[in-house]
Amino acid sequence: MKNSTLFAIPLVGAALVVFSSCSKSDSPTAPRPSPTPQAASLTLTVSATSAVTGEAVEARATVRQGTSPVPDGTVVTFTLPNEICEGVPCHSFLDNNEFRVSKETRAGVASALWTSVKVGDVTVTASSSGATASAQVRFSPRVQPVPAAAAPRFFSITPSSGSARGGYTASISGQWLCKSYLRGVCHSPADVTLRQVFKVVERVIIEGNRREVIYREVNRDVALRVRAFSGEGTNDTLVVEIPEADPAYLDQSFKVDLVLANGVGGPITVVNAFMYLADLLQAGYPQIFTVTPDSGTWQGGDEVLITGQDLCVYYWTSSGTCATSILPFVWFTPGGDAEVRWLSPDGRAVRVRTPRVDIDPISRDWESYLTFSNLSGQVSRPFKFRADFVLAESPTIFGVSPNQGSWQGGEEVTVSGVNLCVRFLRSSGLCDTTVPPAVRFTPPGADAMVTWVSPDGRALRVTTPRASVAPITQDIESSISVTNTAGTGNLANSFVYVANREVAVTPVLHALSPNAGPIEGGTRVTIYGTGFQYPVQVLFGDREAQVVSSNFNQIVCIAPSIAATQPTTPTTVDVSVKNVLTGKTSSNTLPYRYGEAMFVSAITPNTGYILGWNNATIYGQGFVAPVQVLVTVAGLTKEAQVLSVSGTSIQVKMPPFQEAVSGQGCTPVVATFSVTNIGSNLRVTGPGYTYLCSGGISGP
């Protein structure tokens, strides 16, 4: 069972504070010392201190500058140990399969998901603004390995021949080449040996000045080091290191047997499976260490230096240097063959010239592979061909100004957001404004004309399409979407087509949400009803509210303050709406209560599974991010995961309380919870929340 209690490890970065003494003789005009900036502090929490291999764990870093969160967008770097376990990474971040990833803070918090295939303790480290913290998770195996089902079966070895000097790798393919399997994946490799021929001294004959050594050839099994292994039983691969042959045979070619043993019905012997080569020694299986640079222009012609081992086709036996007249093959996929310009005598470096990847300019970066090949095999490394521009990511719309206009269209509207263009020029990093994105208003389901795109892709200006062929008698809410090659961003009900105002309508109020708030005002209130004709005036008692937006059925406004007249006592006022152009005032009013600065009114749903991270919404007033939600059951307190915060609601995941489950089962338990505005330290307690003994399990 997963332990979901959060563990925090804070570490505060150092700050230098200088004190200067002051006496009566100090000059009154001396400048005051500048205040020393407050140091950053970082707290790192993990969603579980123990997990099974392959299970996702969240690392959550909270960064603060003194008592306040750091600005949004502050970079936090999460790091895992850069280890290799049996040929594969021990662990990696799920979002980019790297040992290191950078995230940006939102409300002072940044997080990353990670996992491990290594059994044991794994440490994650977070650092930002000079502060660092670490946390540790213990990973245990998910299941026990299963022994092989049958004796090994040999298909092939690649390469099937190589230099008698050894020191390179070869891939063996076949069936049941592992001793055991974990969830159908090779867990431990089979034993692999080469049955080599060695010369041993049998006897020495000495007759006078004649000395003769009599040799005898013997077969000896040499265990091979398995460098990597993979497979599921029916199609397995072992990567082994080929050892050096007996020096007495380096001047000739000969074949050796391969022996495989997995502990089931074996071992098996493959006769003459591998050949050692001599004289003009064939280069071993190539290895690439670096590719510099690892990217180039799409037009080609860039020189790339490849470093590694066995980067030639043959070595001369006499000198041990590469036969540079026989060039290896290098190509790019996609792309084509590269021109080999130079080969180092020791076979550790090759310089090539990249090909042109296309006749016309490419529209986005191409992820390619550079492949090096000799007679022993081939090896590939990633390479990127860069376009002249980079495609923008999927658009996101933040707002529209103005957010209403005539039903006849033709209005100029500015849309703000990010990635509001199709592509960015690589040379300048600015939008290619010659290719605008598509902007659509729904309804009427028609495209708007884009007249301007900002260079940074954060705004564009459009001319609205006509809402209807005939005049409309009721306001129409329209959603705006922006589409580029990466996707579509949509902002629902963000623009209102204003109806013909020749017909006067009396407003009718249906509901307020919320219907209460602090006496200082500032609460965002939505008024639901009918007959609202722009422009409108909203009164809370005798105080006028600021109108944010309005359409025929809905008004969003900011509640005014009544602190001057009602400094402490809660009170209720009547809310009314007036259509300014026609003078029609709402036929009814709705009550709005001025009261506490912060309160919790409800939690929905108010029940959840005792072992699951359950979604819930806390309703109330006066919530200001960042907030902390603490849940208590039988004296044990845990922190809920806060997903989002608005002034009147908080989206959370309620933590599990597996401690309440015993071997005899469990009974429903009632939890209490509290909400704290971290910035102001205001704290309120909510109604009861019941944990049930049935339901589904979900991760945080």
Side-chain angles (χ1 to χ4, degrees), residues 397-417 439-448 461-482 489-515 517 522-540 543-560 574-590 592 646-649:
I397 303 175
F398 297 154
V400 179
S401 179
N403 62 357
Q404 55 186 345
S406 170
W407 65 273
Q408 297 173 310
E411 308 254 355
E412 190 174 78
V413 172
T414 299
V415 180
S416 60
V439 180
R440 193 169 184 84
F441 283 65
T442 305
D447 290 336
R461 194 173 296 127
V462 300
T463 302
T464 61
R466 189 182 180 96
S468 174
V469 176
I472 59 176
T473 59
Q474 181 173 316
D475 291 353
I476 297 177
E477 287 187 338
S478 179
S479 299
I480 298 178
S481 63
V482 177
N490 184 75
L491 191 59
N493 302 328
S494 53
F495 186 82
V496 177
Y497 281 105
V498 179
N500 192 330
R501 300 305 186 196
E502 295 178 357
V503 178
V505 180
T506 299
V508 178
L509 309 186
H510 293 162
L512 303 180
S513 179
N515 60 1
T523 303
R524 188 182 181 94
V525 178
T526 302
I527 304 173
Y528 299 95
T530 60
F532 305 141
Q533 293 180 317
Y534 180 84
V536 296
Q537 181 186 48
V538 179
L539 295 178
F540 281 62
R543 301 297 180 90
E544 184 173 356
Q546 176 189 351
V547 176
V548 177
S549 64
S550 68
N551 57 44
F552 192 81
N553 302 104
Q554 178 178 298
I555 300 172
V556 178
C557 63
I558 305 299
D574 292 329
V575 176
S576 61
V577 174
K578 178 180 180 180
N579 293 339
V580 175
L581 296 181
T582 63
K584 293 287 186 177
T585 301
S586 57
S587 59
N588 65 319
T589 60
L590 293 176
Y592 180 86
S646 70
T648 57
S649 66

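Residue indices begin at 1 and follow the sequence shown. Keep in mind the model is a prediction, meaning the values are calculated, not measured. Basis for what follows: all heavy atoms, side chains included, without hydrogens, waters or symmetry-related copies.
Annotation: side-chain hydrogen bond (donor to acceptor under 3.5 Å, both in side chains) contacts of S649 (sequence neighbours excluded): S646. Partners of D447 under the side-chain hydrogen bond (donor to acceptor under 3.5 Å, both in side chains) rule, at least two apart in sequence or in another chain, are R440. In this structure, the side-chain hydrogen bond (donor to acceptor under 3.5 Å, both in side chains) partners of E477, at least two apart in sequence or on a different chain, are N551. Scanning for side-chain hydrogen bond (donor to acceptor under 3.5 Å, both in side chains) contacts around T523 gives Q621, with sequence neighbours left out. Scanning for side chain to side chain contact (heavy atoms under 4.5 Å, CB included) contacts around N490 gives S479, S481, A492, with sequence neighbours left out. Legend: residues meeting side chain to side chain contact (heavy atoms under 4.5 Å, CB included) with S416, ordered by chain and number and at least two apart, are F398. Remark: V556 pairs with R524, T526, V548, S549, Q554 by the side chain to side chain contact (heavy atoms under 4.5 Å, CB included) rule, at least two apart or across chains. Residues satisfying the ring-ring contact (aromatic ring centres under 6.0 Å, His included) test with F540, not counting sequence neighbours, are Y592. With sequence neighbours excluded, the residues satisfying side chain to side chain contact (heavy atoms under 4.5 Å, CB included) with Q537 are L539, E544, K578, V580. Partners of F495 by ring-ring contact (aromatic ring centres under 6.0 Å, His included), not counting sequence neighbours, listed by chain and number: F441, Y497.
For residues 462-472, the set of pairs meeting the side chain to side chain donor-acceptor pair (under 3.5 Å) definition, not counting sequence neighbours, is empty.
Nearest heavy atom pair, residue I397 against residue I480, reads CD1-O, 3.5 Å.
Within the model, atoms OH of Y528 and CG of L512 stand 10.0 Å from one another, a figure rounded to the nearest 0.5 Å. Distance OG1/T414 to CG/N403: 12.0 Å, rounded to 0.5 Å.
Remark: the backbone N or O of R461 is not paired with any side-chain donor or acceptor of E412 at under 3.5 angstrom.
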